[in-house]
Trainee: 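This is the structure I want to talk about, given as structure tokens.
In what follows, chains are A, B, ... by sequence order, proteins preceding strands, each numbered from 1. Treat the numbers as computed from the prediction; the structure is a model and nothing was measured.
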Number of protein chains: 2
Amino acid sequence: MEEQLKRILLVEDDPNFGTVLKDYLSMNDYEVTHAKNGMEGFEKFKRGDFDLCILDVMMPYKDGFTLAKEIREKNADIPIVFLTAKAMKEDVLKGYKVGADDYLNKPFDSEVLLMKIKAIMQRKANDTVADSKQFEFKIGGFDLNSKLRFLTYNGGEQVKLSPKENELLRMLALHENDLMPRELALTKIWRDDNYFTSRSMDVYIAKLRKYLKLDPNVEILNIHGEGFRLVVNQDA
Amino acid sequence: MEEQLKRILLVEDDPNFGTVLKDYLSMNDYEVTHAKNGMEGFEKFKRGDFDLCILDVMMPYKDGFTLAKEIREKNADIPIVFLTAKAMKEDVLKGYKVGADDYLNKPFDSEVLLMKIKAIMQRKANDTVADSKQFEFKIGGFDLNSKLRFLTYNGGEQVKLSPKENELLRMLALHENDLMPRELALTKIWRDDNYFTSRSMDVYIAKLRKYLKLDPNVEILNIHGEGFRLVVNQDA
DNA sequence: GTTTTTGTTAATGTAAGGTTAAAAGCAAGG
DNA sequence: CCTTGCTTTTAACCTTACATTAACAAAAAC
């Protein structure tokens with residue numbers, strides 16, 4: 001029953017309105033990333049892992065619709081809500097064509113926005129059956145219990161894992177014997193893909209290798225420039 | 001999957017507003033009982049079986065908070081929504097302490113109220129599944145009688161538990177060997193999740209650990225950032 | 001051979017949890 | 001009322017757990 005904080009990407013060029021809206025959403029338990037224009041919005045979108053996008057339609061350089069189209073190319077499922085000052089029919093239509101999940105005219109009641117967000121999230125949550133819910137893994141002689149965050153070797157003592165250790169090992173296990181792309185772990189676990197998070201991840205790979213040393217048939221291999229591979233030798 | 005008509009108790013002294021609201025809710029498929037003051041509200045509450053209470057805060061004789069407290073004594077789970085003209089901070093706090101599920105400032109958008117009601121009902125519906133009626137537990141060498149609030153070790157002396165000690169231990173026992181999320185205990189037992197209630201809970205965890213020290217096979221483990229785990233080693 | 005990427009260890013800063021004691025609430029009973 | 005005893009909260013201080021960053025070594029790519 002773990003409640004995951006929902007992440008929202010807010011792209012709004014009006015600094016006043018943007019900040020107020022961000023604060024309001026933050027107060028209501030959403031993790032908000034605020035981008036000040038379309039370019040920035042797309043960059044942040046690519047690097048983070050969001051649950052919902054709120055896009056202002058009227059922005060310099062890159063308008064909300066164009067941005068939405070780009071976002072849709074990367075992710076066909078993510079809910080998008082448009083903010084617009086104009087209640088023009090064509091605009092609304094254009095928005096829905098790009099795949100808007102909802103539409104709000106400025107100025108709007110912030111409570112209404114909140115309700116709509118909640119409704120959209122819920123709707124999506126029901127769809128998301130594909131979201132892997134596996135929390136127990138056998139890795140060679142190890143058992144990983146990813147819900148309670150511990151690892152045992154041959155039924156021995158339980159070693160506690162930190163949240164990051166746990167998620168990373170789980171992600172590797174989900175791709176056992178296969179490539180687990182760096183980018184995937186970084187966007188999903190660290191929720192940001194940059195130099196520092198990347199180094200942080202390497203630190204965690206080292207930690208995991210230390211735990212896994214107990215079983216000579218289990219190892220984490222690096223695929224240079226690509227990611228890592230959790231391999232289990234099943235001979236013996 | 002039979003749909004049961006939800007029953008709402010509406011306590012509102014303003015006859016105009018009360019009637020309008022009642023009609024509005026009725027139109028939206030709720031069965032509404034309208035009480036015109038606190039006394040009447042409590043009488044009707046005792047006699048009826050409601051799914052939700054909507055209480056006006058400002059009422060003659062008996063205000064909404066007092067009424068809420070009385071209702072809470074009879075039923076610790078029923079959702080309560082307060083209506084108030086004042087957006088005063090103290091009022092809000094007082095309300096949540098009594099166990100408010102939501103708060104609405106008059107005048108408000110009736111659509112918003114409707115959505116909130118829906119959301120609350122849904123939330124409660126999910127909780128109720130896990131809400132067990134078990135009141136006796138075996139925890140290693142201990143027996144917990146949660147109705148009479150005492151704990152015995154190997155049939156020895158009965159140690160009395162305070163209400164909070166009791167509820168917390170029961171909540172842990174309901175999740176034996178599994179994660180009992182911090183948030184769950186805080187929202188269910190303390191009815192509020194903030195820094196202080198959280199520290200309060202830690203104090204109670206310490207108390208329970210002291211009681212449970214008698215049996216070396218029983219312990220309460222912490223899962224950092226998640227919650228606690230009551231583990232029982234069943235080897236001997 | 002130089003640059004980029006990865007491996008590893010240690011240092012730092014922050015957040016969460018543990019512990020104890022004092023203060024505040026609260027419900028009898030005098 | 002005021003006290004008394006019990007429960008709960010608040011506060012202070014301490015310890016542990018985590019994640020990030022830095023620094024340097026090793027490996028791979030170019």
Side-chain angles (χ1 to χ4, degrees), chain A residues 2 5 31 148-151 158-169 171-172 179-183 185-186 188-213 219-230, chain B residues 65-66 69-70 72-73 93-94 96-99 149-151 158-169 171-172 179-183 185-186 188-213 219-230:
Chain A
E2 77 184 272
L5 213 57
E31 195 184 312
L148 301 179
R149 293 210 324 247
F150 65 75
L151 188 68
Q158 295 180 357
V159 180
K160 293 208 271 182
L161 299 181
S162 86
K164 286 264 151 72
E165 289 168 351
N166 175 57
E167 289 186 81
L168 184 55
L169 184 52
M171 186 77 64
L172 285 163
L179 170 68
M180 196 275 307
R182 278 191 95 83
E183 198 206 341
L186 290 173
K188 286 279 175 193
I189 301 177
W190 272 265
R191 310 197 176 298
D192 193 11
D193 180 351
N194 63 42
Y195 172 77
F196 290 108
T197 54
S198 192
R199 297 327 321 284
S200 193
M201 170 169 167
D202 288 333
V203 170
Y204 277 88
I205 289 287
K207 293 185 190 201
L208 291 181
R209 284 190 172 130
K210 211 171 283 174
Y211 293 138
L212 298 178
K213 226 183 291 192
E219 53 185 335
I220 298 176
L221 300 184
N222 175 253
I223 299 177
H224 199 92
E226 299 286 334
F228 295 92
R229 199 155 82 91
L230 175 67
Chain B
F65 294 130
T66 312
K69 226 189 249 172
E70 293 175 356
R72 271 274 168 271
E73 278 172 28
L93 283 178
K94 195 172 169 193
Y96 278 114
K97 229 170 185 168
V98 185
R149 296 211 322 253
F150 64 76
L151 187 69
Q158 293 181 357
V159 181
K160 292 207 274 182
L161 298 181
S162 84
K164 284 263 152 69
E165 289 169 349
N166 175 56
E167 288 186 81
L168 184 56
L169 185 52
M171 187 75 68
L172 285 163
L179 170 68
M180 196 278 301
R182 273 191 101 81
E183 202 204 342
L186 290 173
K188 283 265 178 194
I189 301 177
W190 274 265
R191 304 193 152 283
D192 191 12
D193 181 350
N194 63 42
Y195 174 78
F196 289 108
T197 54
S198 194
R199 302 327 316 289
S200 191
M201 171 169 168
D202 287 335
V203 171
Y204 277 87
I205 289 287
K207 293 185 192 204
L208 291 181
R209 284 192 172 130
K210 215 168 278 174
Y211 292 138
L212 298 178
K213 225 185 291 193
E219 54 184 336
I220 298 176
L221 299 184
N222 174 253
I223 299 179
H224 199 96
E226 300 283 336
F228 293 92
R229 195 155 82 95
L230 176 67

Trainee: Could you state the atom-to-atom distance from CD of B:Glu226 to C1' of D:dA17 in whole Å?
Mentor: 14 Å
Trainee: Looking at CD of A:Glu183 and CG of A:Asp193, how far apart are the two atoms once the value is rounded to the nearest 0.5 Å?
Mentor: 6.0 Å
Trainee: How bent is the helix from C:dG1-D:dC30 to C:dG30-D:dC1, comparing axes over its five end pairs at each side, to the nearest 10°?
Mentor: 30°
Trainee: Between CD1 of A:Ile189 and OG1 of A:Thr197, what distance do you get to the nearest 0.5 Å?
Mentor: 11.0 Å
Trainee: Is a side-chain N or O of A:Arg229 found less than 3.5 angstrom from the main chain of A:Ile223, in a donor-acceptor match?
Mentor: no
Trainee: Could you check how far CG of B:Asp202 sits from P of D:dT15, rounded to whole Å?
Mentor: 17 Å
Trainee: Output the rounded distance in Å from CE (B:Met201) to P (D:dA11).
Mentor: 20 Å
Trainee: Give a yes/no answer on whether the side chain of B:Ser162 brings an N or O atom under 4.0 Å of OP1 or OP2 in D:dC6.
Mentor: no
Trainee: Does the side chain of A:Leu208 reach to within under 4.5 Å of the side chain of A:Leu172, using non-hydrogen atoms?
Mentor: yes
Trainee: Could you measure the distance from the NZ atom of B:Lys188 to the CD atom of B:Glu167? Nearest 0.5 Å is fine.
Mentor: 11.0 Å
Trainee: Looking at side-chain heavy atoms only, is the closest gap between B:Met201 and B:Leu186 below 4.5 Å?
Mentor: yes
Trainee: Can you tell me the distance, in whole Å, between the CZ atom of A:Phe228 and the P atom of D:dA27?
Mentor: 15 Å
Trainee: With a 4.5 Å cut-off on side-chain heavy atoms, are A:Ser200 and A:Tyr204 touching?
Mentor: yes
Trainee: Using heavy atoms and a sub-4.0 Å distance, could you list which residues of residues 193-200 of chain A are near DNA chain C? By number, please.
Mentor: A:Arg199
Trainee: Need to verify one output field. Residue with the more 5' nearest nucleotide on DNA chain C, A:Asn222 or B:Val203?
Mentor: A:Asn222
Trainee: What is the separation between atom CH2 on B:Trp190 and atom P on D:dT9, rounded to the nearest whole Å?
Mentor: 7 Å
Trainee: Distance from A:Ile220 atom CD1 to A:Met180 atom CE, nearest 0.5 Å?
Mentor: 8.0 Å
Trainee: Distance from B:Leu168 atom CG to B:Lys207 atom NZ, nearest 0.5 Å?
Mentor: 11.0 Å
Trainee: Any non-hydrogen side-chain atom of A:Arg149 less than 4.5 Å from a side-chain atom of A:Pro163?
Mentor: yes
Trainee: With a 4.5 Å limit on heavy-atom distance, are the side chains of B:Glu219 and B:Leu212 in contact?
Mentor: no
Trainee: With nearest nucleotides of DNA chain D determined for A:Lys164 and A:His224 from heavy-atom distances, which residue corresponds to the more 5′ nucleotide?
Mentor: A:Lys164
Trainee: Take atom CD1 of A:Ile189 and atom C1' of D:dT20, then tell me their distance rounded to the nearest Å.
Mentor: 16 Å
Trainee: Please figure out whether B:Leu161 or A:Lys160 has its closest DNA chain D nucleotide nearer the 5' end.
Mentor: B:Leu161
Trainee: Between B:Leu221 (CG) and D:dT16 (P), how many Å, whole number?
Mentor: 16 Å
Trainee: Provide, to the nearest angstrom, the distance between the CG atom belonging to A:Asp192 and the C1' atom belonging to D:dA19.
Mentor: 14 Å
Trainee: Check whether any side-chain heavy atom of A:Leu169 sits under 4.5 Å from a side-chain heavy atom of A:Tyr211, and report yes or no.
Mentor: no
Trainee: Students should find this one: the first and last nucleotides of DNA chain C, 5' to 3', lying under 4.0 Å from a heavy atom of chain B. What are they?
Mentor: C:dA16 to C:dT20
